J.: 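My questions will all concern the structure given below.
Quick note on labels: first sequence line is chain A, next is B, and so on, each numbered from 1. As the structure is a prediction and not an experimental result, all values here were calculated from the model.
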There are 2 protein chains.
Amino acid sequence: MFSIGELSRRTKVKVPTIRYYETVGLLTAPERTEGNQRRYDQAGLERLSFIKHARDLGFSIEAISSLIELQDHPDRSCQAATDIATAQLSDVRAKIKKLRALEKELLRIANGCDGDGVPEDCYVLASLANHDLCQQEH
Amino acid sequence: MFSIGELSRRTKVKVPTIRYYETVGLLTAPERTEGNQRRYDQAGLERLSFIKHARDLGFSIEAISSLIELQDHPDRSCQAATDIATAQLSDVRAKIKKLRALEKELLRIANGCDGDGVPEDCYVLASLANHDLCQQEH
DNA sequence: CATAGTATCTCTAGCGACTAGAGGTTCAAG
DNA sequence: CTTGAACCTCTAGTCGCTAGAGATACTATG
């Protein structure tokens with residue numbers, strides 16, 4: 001049995017964030033001491049580690065809730081969990097695609113202007129003002 | 001002179017968002033009709049187009065404010081604008097890098113489990129529970 | 001056993017960048 | 001002149017936390 005601070009140290013999740021996860025139902029309320037302080041056990045540690053890992057991978061709180069529900073109900077198929085992970089993968093890929101386009105465009109914009117001259121001639125500002133100068137969609 | 005709805009249609013920025021930009025100082029308050037409705041001119045359209053384009057490229061409201069200030073004060077050097085664009089480029093690149101690592105990991109996780117079996121054996125859930133299974137940092 | 005200092009508690013408010021809704025007014029077409 | 005769409009302001013909600021206030025509890029040392 002350990003305190004919220006200890007749990008925070010072990011999982012690298014900040015204390016207020018742990019309490020936040022409890023309020024939104026991601027973590028079940030743990031036992032309390034006489035003095036009303038939270039005391040966690042191994043199960044609590046494992047669940048928070050799971051959440052942390054999933055958050056690091058960009059899963060939403062909602063998606064994580066679904067995954068936890070699947071953990072807690074082993075009678076349901078694994079397909080649902082795979083679906084969630086696959087959806088997350090598509091999401092990540094879509095973001096990458098969009099960012100790569102932005103990267104190209106920003107590179108062009110940032111390099112077009114060598115930093116000399118006054119803003120009225122600045123390529124950065126001109127490019128932002130006029131979408132037609134862009135080389136691709138975004 | 002045209003209404004906020006017309007401006008919205010032309011720029012593809014939603015009406016409440018336009019009003020929001022005004023409250024946070026990105027757009028200067030336009031003229032009003034007798035009946036208190038906003039009326040925009042060409043200058044307003046151009047400024048909003050600039051903002052829209054910059055937002056699409058991921059610039060923050062704050063960064064856009066700085067860029068607009070540079071537009072309005074042509075006596076300042078273009079270097080500042082280039083710096084902002086370059087910072088945005090670094091930001092985008094950092095995000096891409098992180099997402100690519102996530103993509104790899106998610107691909108591994110999502111493919112590890114073929115969807116058969118119950119959650120207690122599910123590779124998705126096992127991978128999320130145990131960070132040690134991961135192939136790289138994230 | 002007293003005290004000091006850290007950790008914890010709850011509660012509320014704030015962040016960015018909008019979005020949604022209520023309840024009321026104005027505009028433009030017929 | 002009436003209808004209905006578009007507009008107005010205001011407040012509150014979204015997501016995933018983060019920060020702060022003010023009060024209480026735990027723990028280590030004298």
J.: Heavy atoms within less than 4.0 Å of DNA chain D: which residues of residues 36-45 of chain B have one? Give them sorted by number.
T.: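 Result for residues 36-45 of chain B: N36(B), Q37(B), R38(B), sorted by number.
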
J.: First contact, last contact: which nucleotides of DNA chain C are these for chain B, 5' to 3', heavy-atom distance under 4.0 Å?
T.: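 Taking any atom under 4.0 Å from a heavy atom of chain B, the span is dA17(C) to dC27(C).
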
J.: Whole angstrom is fine here: how far is it from CD in E6(A) over to P in dC26(D)?
T.: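 After rounding, the reported distance stands at 17 Å.
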
J.: Is there a side-chain contact between Q88(A) and I84(A) (heavy atoms, below 4.5 Å)?
T.: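 A side-chain contact under 4.5 Å is absent here.
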
J.: Any chance you could measure L26(A), atom CG, to I64(A), atom CD1, to the nearest 0.5 Å?
T.: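 Reported to 0.5 Å precision, the distance equals 6.0 Å.
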
J.: Heavy atoms within less than 4.0 Å of DNA chain D: which residues of residues 18-29 of chain A have one? Give them sorted by number.
T.: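 Correct list: Y20(A), Y21(A).
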
J.: If the cut-off is 4.0 Å, is S3(B) near the phosphate of dC7(D), judged by side-chain N/O to OP1 or OP2?
T.: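 It does, given that an N or O in the side chain of S3(B) lies less than 4.0 Å from OP1 or OP2 of dC7(D).
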
J.: What's R9(B) touching, base or sugar-phosphate or nothing? Going by heavy atoms closer than 4.0 Å.
T.: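 It contacts nothing in the nucleic acid.
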
J.: Measure across A110(B) and T86(A) and return the closest heavy-atom pair with its distance rounded to 0.1 Å.
T.: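 A110(B) and T86(A) have their closest heavy atoms at CB-OG1, 3.9 Å.
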
J.: For residues I96(B) and L99(A), report the shortest heavy-atom separation together with the two atoms involved.
T.: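 Smallest heavy-atom distance, with atoms named: CG1-CB, 3.5 Å.
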
J.: So which atom in T11(B) and which in K52(B) form the shortest heavy-atom distance, rounded to 0.1 Å?
T.: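 Closest approach of T11(B) to K52(B): O-CE, 3.4 Å.
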
J.: So, OP1 or OP2 of dC26(D): does either fall under 4.0 Å of a side-chain N or O from T33(A)?
T.: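 Affirmative; the distance criterion is met.
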
J.: Would you name the heavy atoms of F2(B) and L7(B) that are closest together and state the gap between them?
T.: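 Heavy atoms only, the tightest pair is CE1-CD1, 3.8 Å.
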
J.: Return yes if some donor-acceptor pair links the side-chain N/O of S8(A) with the main-chain N/O of I4(A) below 3.5 Å, else return no.
T.: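 No.
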
J.: Contact between Q71(B) and L67(B) at the side-chain level, heavy atoms closer than 4.5 Å - yes or no?
T.: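 No, every pair of side-chain atoms sits at 4.5 Å or beyond.
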
J.: Could you tell me how far apart I4(A) (CD1) and dA25(D) (C1') are, to the nearest whole angstrom?
T.: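 About 14 Å, once rounded to whole Å.
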
J.: Should we count CZ of R55(B) as having more than 12 external heavy atoms under 6.0 Å?
T.: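 Count over threshold, so yes.
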
J.: Other residues, nucleotides and ligands only: do more than 12 of their heavy atoms fall within 6.0 Å of CZ on R100(B)?
T.: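 No.
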
J.: Among pairs that include at least one residue of residues 21-31 of chain B, which meet side-chain hydrogen bond (donor to acceptor under 3.5 Å, both in side chains), considering only residues two or more places apart or in two chains?
T.: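 Pairs touching residues 21-31 of chain B that pass the test: E22(B)-R38(B).
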
J.: Taking salt bridge (Lys or Arg N to Asp or Glu O under 4.0 Å) as the cut-off, I'd like each qualifying pair that reaches into residues 11-21 of chain B, sequence neighbours left out, listed once.
T.: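 Listed by first then second residue: nothing to list.
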
J.: Scan nucleotides 20-22 of chain D against the protein and return all N/O pairs shorter than 3.5 Å with their distances rounded to 0.1 Å.
T.:
none

J.: Give a yes or no on whether E6(A) atom CD has more than 12 heavy-atom contacts from other residues, nucleotides or ligands under 6.0 Å away.
T.: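 Atom CD in E6(A) is crowded, with more than 12 foreign heavy atoms closer than 6.0 Å.
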
